[in-house]
Amino acid sequence: EVKDFFKVTTRNTEDIKQGALKAVVATFTADSAEYTVDGVAKTMDATAYIQDGRIMVPARYVAEAFGIEGDNILFADGVATIISGEKIIQLKAGSDIMTVNGAAIKMDTKAVIKDGRTYLPMKFIAAALGVQVSFDSATKTATFDNRDAK
């Protein structure tokens with residue numbers, strides 16, 4: 001007989017379903033808290049900015065723009081974790097290393113915590129998610145399009 005027994009588990013990557021991203025176009029502009037998802041204007045509680053030539057956006061808005069829900073966006077000990085389908089993306093504030101399913105990928109800028117928000121370099125998050133990226137230097141606007149993502 002077993003008394004007071006309970007089992008604590010977490011999902012493992014085999015249990016996470018594929019196809020978590022919404023097929024959308026999202027735009028983020030440096031020096032603005034405004035962004036769009038499929039042409040619908042939205043407002044962040046922080047401002048995007050440029051660091052080392054990369055547009056930096058708060059992690060939560062990056063993920064939510066593509067339909068990743070709040071319980072798949074985790075923060076602990078300076079590490080942002082985004083779970084999308086079978087991908088687990090982690091970035092540590094102050095580090096230029098991103099891990100995707102445990103594989104280390106060197107970035108050319110670092111994830112940072114600024115004004116209490118975790119900012120991530122959009123180019124690398126987009127690449128990890130399989131999202132196409134373009135940047136208009138005149139308007140400082142990054143466009144992320146995953147309508148053709150696989």
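Fair warning: this is a prediction, and the values are worked out from it, not measured in the lab. In this chain, numbering begins with 1 at the start of the sequence shown.
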Q. How many angstroms lie between atom OG1 of T109 and atom CG of D52, to the nearest 0.5 angstrom?
A. 3.5 Å

Q) Should I55 and K123 count as side-chain neighbours, where that means a heavy-atom distance under 4.5 Å? A) no

**Q.** Check: S134 and T141 side chains under 4.5 Å, non-hydrogen atoms
**A.** no

Q) Are any non-hydrogen side-chain atoms of R54 and F124 less than 4.5 angstrom apart? A) yes

Q) Does T139 reach the side chain of T29, with side-chain heavy atoms less than 4.5 Å apart? A) no

(Q) Tell me whether the rings of F144 and F66 are parallel (<30°), tilted (30 to 60°) or perpendicular (>60°). (A) perpendicular

(Q) As a quick check of understanding, evaluate side-chain contact (heavy atoms from CB on, under 4.5 Å) for Q51 and V112, giving each step before the final call. (A) CA-CA 10 Å; Q51 170 182 291; V112 297; 3.7 Å; yes

Q) Do V25 and L129 belong to the same hydrophobic cluster, where Ile, Leu, Val, Met, Phe, Trp and Tyr are linked whenever their side-chain heavy atoms lie under 4.5 Å apart, directly or via other members? A) no

(Q) Membership question, hydrophobic clusters at under 4.5 Å side-chain separation (ILVMFWY): are M122 and M44 in the same one? (A) yes

Q: Compare all side-chain heavy atoms of D38 with those of K22 and state whether any distance is below 4.5 angstrom.
A: no

Q. What about F75 and V57, same hydrophobic cluster or not, with Ile/Leu/Val/Met/Phe/Trp/Tyr joined at side-chain heavy-atom distances under 4.5 Å?
A. yes

**Q.** Aromatic centroids of Y61 and F28 separated by under 6.0 Å
**A.** no

**Q.** Exam field: side chain K87 to backbone A128, donor-acceptor pair closer than 3.5 Å
**A.** yes

Q: Answer yes when R117 and D115 have at least one side-chain N-carboxylate O distance shorter than 4.0 Å, and no when they do not.
A: no

(Q) Test of understanding: clusters of I, L, V, M, F, W, Y form through side-chain heavy atoms closer than 4.5 Å, transitively. Do I89 and I105 belong to the same one? (A) yes

Q.
Testing the 3.5 Å rule here: is there a donor-acceptor pair between the side chains of T36 and T27?
A. yes

Q.
I'd like to check I97 versus M107 (side-chain heavy atoms, cut-off strictly below 4.5 Å). Are they in contact?
A. no

Q. Any side-chain heavy atom of I125 within less than 4.5 Å of one from V131?
A. no

Q: Check the hydrophobic clustering (I, L, V, M, F, W, Y; side-chain heavy atoms under 4.5 Å; chains of links allowed) and say if L21 and V24 are grouped together.
A: yes

Q | Note, I82 side chain near I68 side chain (heavy atom, < 4.5 Å) | A | yes

